[in-house]
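Below is one structure, written out as structure tokens; the observations come after it.
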Number of protein chains: 2
Amino acid sequence: MARERKFSTDELFQATKALLLSHGYEGFTFSLLADSLNVSRGALYKYYENKDELITNYIFYEMDQYLLKLKQINLYQGFEAQLQFLLDLMFSYSNIQKLIKIGQQVPGHQDKFKTIHTDMYRFLQDFVELGKKEGKLKCHLPNNLILGYIFQSVAIPNHSEIPYSLWVSSLKEMICHGILSNN
Amino acid sequence: MARERKFSTDELFQATKALLLSHGYEGFTFSLLADSLNVSRGALYKYYENKDELITNYIFYEMDQYLLKLKQINLYQGFEAQLQFLLDLMFSYSNIQKLIKIGQQVPGHQDKFKTIHTDMYRFLQDFVELGKKEGKLKCHLPNNLILGYIFQSVAIPNHSEIPYSLWVSSLKEMICHGILSNN
DNA sequence: TTTCAAAGTAACACAAGTGTTACTTTGGAC
DNA sequence: GTCCAAAGTAACACTTGTGTTACTTTGAAA
């Protein structure tokens, strides 16, 4: 009953993601997005009132997917298995942290994103508490700092192009046992 | 022989810093800067051709100061003392990392900033090598990853407002020995 | 084949940032 | 007091992004 669309929601979101990551919140424009989709700028206004609405929608979509994955942590028994799962998940979704930060820049939506962020941290409290109860995690470290520490580490820039597998295994080692030797 | 200036270079740099950190590279404008200095926009063009030149100048100035401090690491004997010095320095200059990232966004100046960045890392190679030779640092971890890991950790957002001293001591603990208990 | 609603476009008016120019203000040297 | 160079301003022309409107295109249902 209608004309065929020139771009799917998925293509729209992929282009949005690429532009957000390369240009940041302030540098992202509908003109750039329209060009990258080979579509007129006006067409985008058929779907979103403005860039803030699009960005908010997109990042929420991305975070929903992420949270869904995250909740699979409960399929694993014991702290160590859950930690491995969490670390692997983080490395395969390493852009999410950047996107959340961008989301927090959207005027009038900071609260929404802060809420989601704290919700995510609250959801992982059980995981941290489990680690502490099992005697695996250091009890004197604040829960949220442990979580922030884990999430932050995937964002380290790899300037010297260390191979991915070495990168991941080294980071896991440092997160768990630090940079110092034990002797 | 001339009229009195309405703002000093230091005031200019402080205002630039505040705006860069709050608005990012793309969001930083001469209009904002002029307003925050209570001066007309045109006046700024007396000193800098455009925002890129100002930002580059400012961040280089900031990094020069930082490198100067950093070189005091050689005043300390032994790896452990140097590590403590480095960690304390990082926490007191925690914004530098963000500013360097912003600098890397300046069109046509990415190379300059990458150079400075790698220079800084090269300067710290001695420190890392010393740690490895003394058997204090894990030898199998890539040098630049260790450095990136240390620098990145000061940028963790403190959403739950953990007191500064607990924040710093916890991070030092995690960087050195990880999040897991030893037993 | 006609119809019509969704998809898309082109163009307008507006706002904000940029860089420049011609101008005024200031204050020490003379 | 006069001069003049540095400091600062106001305004112009230009560019880019925004949101809207009137328009055309498309394709399946009737």
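Letters A, B, ... mirror the listed sequences (proteins, then strands); counts begin at 1. Please read these numbers as outputs of a predicted model, since none were measured by experiment.
Across the protein-nucleic acid pair, A:Lys46 atom NZ and D:dT26 atom C1' stand 13 Å apart, rounded to whole Å. We find that CG of A:Leu37 is positioned 13 Å from C1' of C:dG8, with the value rounded to whole Å. If you take OH of B:Tyr48 and P of C:dT20, they are 17 Å apart, rounded to a whole angstrom. Regarding B:Arg3, its CZ atom lies at a distance of 6 Å from the P atom of C:dT26, rounded to whole Å. Atom-to-atom, NZ of B:Lys6 to C1' of D:dA6 comes out at 15 Å; the value is rounded to the nearest Å. To the nearest angstrom, C1' of D:dT18 lies 12 Å from CG of A:Leu44. The distance from atom OH of A:Tyr25 to atom C1' of D:dG17 is 12 Å, rounded to the nearest whole Å. Distance, A:Leu33 CG to D:dT18 P: 10 Å, rounded to whole Å.
In this structure, the side chain to side chain contact (heavy atoms under 4.5 Å, CB included) partners of B:Ser31, at least two apart in sequence or on a different chain, are B:Thr29, B:Arg41. Legend: residues meeting side chain to side chain contact (heavy atoms under 4.5 Å, CB included) with A:Ser40, ordered by chain and number and at least two apart, are A:Ala43. Residues that satisfy the side chain to side chain contact (heavy atoms under 4.5 Å, CB included) test with B:His159, not counting sequence neighbours, are A:Gln104, A:Lys114, A:His117, B:Pro157.
Stacking of B:Lys51 on the aromatic ring of B:Tyr25 is recorded, both the 6.0 Å distance cut-off and the 45° axial limit being met.
When each of A:Phe79, A:Phe85, A:Tyr121, A:Tyr76 is checked for a ring pair (Phe, Tyr, Trp, His ring centres under 6.0 Å) with A:Phe127, only A:Phe79 meets the rule. For the ring pair (Phe, Tyr, Trp, His ring centres under 6.0 Å) test with A:Phe13, the passing option among A:Phe7, A:Tyr47, A:Tyr58, A:Phe60 is A:Tyr58; the others fail. A side-chain hydrogen bond (donor to acceptor under 3.5 Å, both in side chains) with A:Ser160 is found for one member of B:Thr118, B:Asn143, B:Asn144 and no other, namely B:Asn144.
Between B:Arg5 and A:Glu49, the residue whose closest nucleotide on DNA chain D is further toward the 5' end is B:Arg5.
Within the 4.0 angstrom heavy-atom criterion, only backbone atoms of the sugar-phosphate kind lie near A:Tyr47; the bases stay farther away.
Taking the six-membered ring where tryptophan is involved, the planes of B:Tyr66 and B:Tyr93 are tilted, since the angle between them lies from 30° to 60°.
Residues from residues 8-22 of chain B lying near DNA chain D, meaning a heavy-atom separation below 4.0 Å, are absent. The stretch residues 104-112 of chain B does not touch DNA chain D, since none of its heavy atoms comes less than 4.0 Å from the strand.
Dense packing is recorded around NZ of B:Lys132, with more than 12 heavy atoms of other residues, nucleotides or ligands lying under 6.0 Å away.
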Please tabulate, one pair per line, each protein N/O and nucleotide N/O from nucleotides 13-18 of chain C that are separated by under 3.5 Å, including the distance.
| unit_1 | atom_1 | unit_2 | atom_2 | d |
| --- | --- | --- | --- | --- |
| C:dT18 | OP2 | B:Phe30 | N | 3.4 |

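Across D:dT25, D:dG27, D:dG8, the shortest atom-to-atom separation from the side chain of B:Ser40 is found for D:dG8.
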(request) Starting from the C-alpha separation in whole Å, work towards a yes-or-no answer on ring-ring contact (aromatic ring centres under 6.0 Å, His included) for A:Phe30 and A:Tyr48. (result) CA-CA 10 Å; A:Phe30 266 22; A:Tyr48 298 95; 7.7 Å; no
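Between A:Lys172 and A:Asp88, at least one side-chain nitrogen of the basic residue sits less than 4.0 Å from a carboxylate oxygen of the acidic one, meeting the salt-bridge criterion.
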